[in-house]
Amino acid sequence: MDLAYTEEEEEFRARLRAWLADVLPQLPPRPDPSDWPGRRAYDLGWQRRLHDAGYAGLHWPVDAGGQGATPTQHLIYLEETERAGAPYVGANFVGLLHAGPTIAAEGTPEQRRRWLPPILRGDEVWCQGFSEPDAGSDLASLRTRAVRDGDHYVVSGSKIWTSHAEVADWCELLVRTSPVTDEVPKHRGISWLALPMDAPGVTVRPLRTLAGSTEFAEMFLDEVRVPVGNRVGDENDGWRVTMVTLSFERGTAFVGEVVACRRTLTALAAEARKNGRWDDAVLRRRLGRLNVEFSALWRLTQWNVSEAQRTGGVPGTGGSVFKLRYSHARQELYDTAAEVLGPDSLDLDREWNLDRLSSLSYTIAAGTSQIQRNIVAERILGLPKGR
Amino acid sequence: MDLAYTEEEEEFRARLRAWLADVLPQLPPRPDPSDWPGRRAYDLGWQRRLHDAGYAGLHWPVDAGGQGATPTQHLIYLEETERAGAPYVGANFVGLLHAGPTIAAEGTPEQRRRWLPPILRGDEVWCQGFSEPDAGSDLASLRTRAVRDGDHYVVSGSKIWTSHAEVADWCELLVRTSPVTDEVPKHRGISWLALPMDAPGVTVRPLRTLAGSTEFAEMFLDEVRVPVGNRVGDENDGWRVTMVTLSFERGTAFVGEVVACRRTLTALAAEARKNGRWDDAVLRRRLGRLNVEFSALWRLTQWNVSEAQRTGGVPGTGGSVFKLRYSHARQELYDTAAEVLGPDSLDLDREWNLDRLSSLSYTIAAGTSQIQRNIVAERILGLPKGR
Amino acid sequence: MDFQLTEDQRALQSGVRELLAGRFGREALRALADGPEQPSLDRELWRELGAAGFFALRLPERDGGVGLGLPEAVLAFEEAGRALLPGPLVATHLAAGEVEGAATGDTVVTAVDSSGLVPWLDASDVVRGDAAGAVPTRSVDPLTPLHRAPAGVGAPDPLAVLLTAAEQLGSSARSCETAVRYARERSQFGQPIGAFQAVKHLCAQMLVRTEVARAAVYAAAVTADRAEISAAALLADEAAVQGARDCLQVHGGMGFTWEADVHLHLKRAWLRAALGPSAGAVEEEWAAAL
Amino acid sequence: MDFQLTEDQRALQSGVRELLAGRFGREALRALADGPEQPSLDRELWRELGAAGFFALRLPERDGGVGLGLPEAVLAFEEAGRALLPGPLVATHLAAGEVEGAATGDTVVTAVDSSGLVPWLDASDVVRGDAAGAVPTRSVDPLTPLHRAPAGVGAPDPLAVLLTAAEQLGSSARSCETAVRYARERSQFGQPIGAFQAVKHLCAQMLVRTEVARAAVYAAAVTADRAEISAAALLADEAAVQGARDCLQVHGGMGFTWEADVHLHLKRAWLRAALGPSAGAVEEEWAAAL
């Protein structure tokens, strides 16, 4: 048990920190959140800088063009970029964290050559077409159909919760290539396709969330023709291919967010001291409790990352444990922020209030807390599935 | 909507209060909790006094020997006896609240004549033989077998959580008279028997709880012969007969307990003021919150009682709503007591600490909170049963 | 004691519910929510409410009122809360008989809350309290324009607190019903999600919170006791806010969309909870009473 | 950074677990719990623990110790917590090297906690702190005789707080395992109760609390930071107490019996939580640090 970073890790951190200090002041101003093309350009520009500095695909295998960094280096990278206020991964999210690693693991040499370098260089944006209106928690029940027609699939259906769809070049798409029957369970019969977003028949409609923003979109597919060569993995084997992606797990998923939460907590305490609510012992102790909580979540992050490092990044289920606790803690953080703000908590122009709205999704997105508890209970604790 | 008591109700209250003031000083000293025969005698003595004063079977129908009081009068009775520190129903619990009403509703005239008067007069004690080691939440899966042999049933099996078994004359016993088959679901095939506790083959073994006491017992039945005439209701119809009992519901189940909780809360505040913990704002607000909580639970009690009065005491499911909230609130009350006591909370000789241990059963006994939530969701809200 | 609704009270309850269903149903709600940034007040609806006696409910009949009491007002405001009816309903109701035209719905009255919040300032004809220097605020609730006045003064008005609690109660009940309906309709893993215990138990707890709050709010309406009103507000605030949160959780991703009504209940519940006494103040009040 | 157990640490962990399973398994536990009112201290077991290095674990080898550090001590005490090993283990461990015979288990040492609680006073050879005027208490934990000394003095000893937190962690983990085992074995309504989401989710939350506490306790052992130790104690106390409560709930009626071990974990967890800093003190400490 050791929490000290190795000399090599400290060097990595120092080099990164120096580079960030140098490069961040050179960045153009951040675009307005509603300016999609501007955001695409900004995010890709940042990715290009990472690429040129040797940080692109930090955690990707070297043979896929990545840096083959250890989980600990990845943790340091996320910690330092968050602390320095560097741009978020943004539009590069799906490419770098889902589609890319999937192609790296399951794609043909040709597919890897075609799709991986543009992700790393910041040339192409990917989005994700997994969820459907009727297939949320039960993702495998998805119904978007792909029918073989010569060397193409003809795809029809609809997807939801697709972020960056407006500006993506590619979509990693899950489609049903064999209908569900008594012999074919729903997890079989799914295939993974790379869909060019400019293909005829693709319609994107922004989806307004309760926070009033349109971070997500719905995507409608009307007889869209996708070359068979865009399929990664075997036909009907897309569920397994996808799970490789979803469980691409090094314990680092929430590193930046935990760092950000701790910064928010410090700011909340400062605000409470300023507006006098610090004298409310109940509120003050609630802030103290959150400080304990996020400190422990940071230690749990280090624990999970070290575990991933030991096992060589083998998929773990520790992520569910972390997410369950973290998503609740972060919602509690913003509820506490509302207490600190008092009546100002009703003012959307005040800091933290929009974050509070966004935080409502934490116990839902990427597997509801209910689903996560099932996963923990069944896969870690070995409790039986219900009838 | 009215919270004022009618003139008649106020008269009832005044008369009861006067009687209690008169009779309570005449009572013998309370027996030691471990002195079962003493407890039986004390509890039956109290019942006899109630009987002689015209309060026996207050809520029983008049034709069963009761007073036919309204639910509101029953509430007043429970409120006043608790406030005055009168004895609890004790050993008369099952007779007055379960077995008696069942016999009154489902028994033959002869059965009513045989069993009801001794309950009301304080001559006989009943206990309950429902739960089994393997049939708790799933009561209907009970396995104690009764095989017909002429004009007797021969009963074998075991029961658990039987209070007052050591001193009971009769046990209301649920037995399986038809084995479960594909055609006979578990809720059918159950019969209700009045078991004489002195019958050969009945063994009672005290069951020690985590509070260290032996309020409950296990009961072992080894080929016990019970006359067929002791069966109330039809053979195999015992589940329905029993449900009449279990749902005998006038919203009054927890009246005395809510009154007691409010008294405890006042005492806790006094103790906190005395030992200085009142200055802890978090603890003080917690006590204030509990005061709000029990005040609301009292109002909910009045609501439920009024509803029962309107509907003529038709079984309701509001009891589950109340129990869910109340059992949690009462556990929270004793956890708060432990906060007030500080290190004294580890001393079993200090007030409230044994109560805290007992309170651990509130979310389990008479239907766990999990089962209660199922009942609320399925029977009140109409949500579907799972597969 | 007969702590249940009378026949007349049931009739009033269903009357208000029908009126609101007809005049402010889901389409009207969505039109406001999906429309331009600032919602506008429907003056015609306001006058219809006035004609139906919503504002004059507690005015004596000799003053042209309906001559009913607080319990009836609470039932009416519970319905308003269920329907998410917008506007400074509480302030206008409390102004009936004191401000010309409030009783009939011709005059829209708002008030400065003890916290300094002023809903619907621009749309109101009369402001009670000192709104000098009030600045507009980008309101979290899209259906309630807000101003902030320099620190509000005075203690909260108990009647305003009670009627607001009644609205919270209505919202809480509605969130529970919405969650239950969705849980019966939405299927995942081959069965309605309402068949899963996790969802079932969320819904059960929503009902429990609602029914406890109901008993407290109705009792406070009967007794008009100041402390009991505070307690009712505390419980109704919790029931409404947590109920909307749980409703959102039951809806999953769909609950996170603008298009679902869930967030409208949550945001209004947050707003109402910010009015009147804070939870801490109520807890201290009830601790001091021990 | 390698925040995982080393090979040696794993070996130590399983070594202690095996030792305790052999010498203080369920039968020994039940013999104490079901025996006469006051449990007695097994001096022979105490010396075996001494021989195994349990008390001398952190003493330098030159002083006859094992020469290991806090992380190893935490792992050993976690196992003690899992097994519900009785006796003033923490005080004796901390006395090793300072009190003659403590390191070998020949001398049993107890200490007066900052709250004035003194466990195992009569059975101990040496008391650290001022136990003058201590009076016997009918202990809620049947396996820990207690005295109360007139208000304990001084701040809690961080090392004692950490080792106690390690015991809480072990107890929390054990409660989770016990609940899971019971949920797999016990059937109701035609399936193991562990197949019901309500039970499943209780168990999942038990694991979550345990693993968060584990990260905090282990990290505090590595850094030996005073504030981090307080935080670890807060989280481990919660995990142990709530874990035992949930374990009881999963067991239903059986959990309410004396015969089940569930209550022994709950009562010990309550006792340990009363030692060291209060939750309020820790929260204030961590608030002040913001």
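All of these numbers come straight from a predicted model, not from anything done at the bench. Here is how names work: the chains are called A, B, and so on, in the same order as the sequence lines, proteins then strands, and each is numbered from 1.
In this view, D/Arg58 satisfies the salt bridge (charged side-chain N to carboxylate O under 4.0 Å, His left out) rule with no residue, not counting sequence neighbours.
For D/Ala220, no part sits under 4.5 Å from any heavy atom of chain A, backbone or side chain. Residue contact with chain A, scored on non-hydrogen atoms closer than 4.5 Å, involves the side chain of D/Gln197 exclusively. The contact between D/Leu234 and chain A is made entirely by side chain atoms (from C-beta outward), counting heavy-atom distances below 4.5 Å. Neither the backbone nor the side chain of D/Leu202 comes within contact range of chain A; no heavy atom of the residue lies under 4.5 Å from a heavy atom of that chain. Contact of A/Arg273 with chain D is made through the side chain alone, with heavy-atom distances under 4.5 Å. For D/Val222, the part lying near chain A is the side chain, with the backbone staying farther off; criterion is any non-hydrogen pair under 4.5 Å. For D/Glu72, no part sits under 4.5 Å from any heavy atom of chain A, backbone or side chain. Using a 4.5 Å cut-off between heavy atoms, D/Gln9 contacts chain A through its side chain alone, with no backbone atom that close.
Residues of residues 296-304 of chain A that come within less than 4.5 angstrom of chain D, heavy atom to heavy atom, are A/Ala296, A/Arg299, A/Leu300, A/Gln302, A/Trp303 in numerical order.
In this structure a side-chain-to-backbone donor-acceptor pair under 3.5 Å is missing from A/Arg289 to D/Ala279.
Counting heavy-atom pairs under 4.5 Å between each of D/Glu283, D/Arg184, D/Glu284 and chain A puts D/Glu283 at the top. Annotation: maximal heavy-atom pairing with chain A below 4.5 Å, among D/Thr6, D/Val180, D/Val199, occurs at D/Val180. Chain D forms more heavy-atom pairs under 4.5 Å with one residue of A/Ala377, A/Pro384, A/Ser369 than with any other, namely A/Pro384. Of the listed residues A/Asn374, A/Thr72, A/Thr266, the one with more heavy-atom pairs under 4.5 angstrom with chain D than any other is A/Asn374. The residue among A/Leu287, A/Leu3, A/Leu268 with the most heavy atom pairs within less than 4.5 Å of chain D is A/Leu3. Interface remark: of the candidates D/Glu228, D/Glu285, D/Arg214, D/Glu228 forms the most heavy-atom pairs closer than 4.5 Å to chain A. Heavy-atom pairs under 4.5 Å with chain D peak, among A/Leu265, A/Leu75, A/Thr6, at A/Leu265.
For A/His187, the NE2 atom counts as densely surrounded, since its 6.0 Å shell holds more than 12 non-hydrogen atoms of other residues, nucleotides or ligands. By the 6.0 Å contact criterion, CZ on D/Arg17 is enclosed, its count of non-hydrogen atoms from other residues, nucleotides or ligands being greater than 12. A 6.0 Å sphere centred on CD of A/Glu8 holds no more than 12 heavy atoms belonging to other residues, nucleotides or ligands.
With a 4.5 Å cut-off on side-chain heavy atoms, D/Arg209 and A/Arg325 count as touching. Using a 4.5 Å heavy-atom cutoff, the side chains of D/Met1 and A/Val305 are in contact. In this structure, the side chains of A/Leu324 and D/Gln205 come closer than 4.5 Å at one or more pairs of heavy atoms. The shortest distance between side-chain heavy atoms of D/Met206 and A/Leu381 does not fall below 4.5 Å.
Contact record, A/Lys385 with D/Ala195: O-CB, 3.6 Å, taken as the closest heavy-atom pair. Minimum heavy-atom separation, A/Asn291 to D/Trp286: ND2-O, 2.8 Å. Scanning both residues, D/Leu290 and A/Ala269, for their nearest heavy atoms gives CB-CB, 3.6 Å.
Distance CE/A/Met1 to CG/D/Leu5: 4.0 Å, rounded to 0.5 Å.
When A/Arg373, A/Gln370, A/Glu378 are each tested for a side chain to side chain contact (heavy atoms under 4.5 Å, CB included) with D/Lys200, only one passes: A/Glu378.
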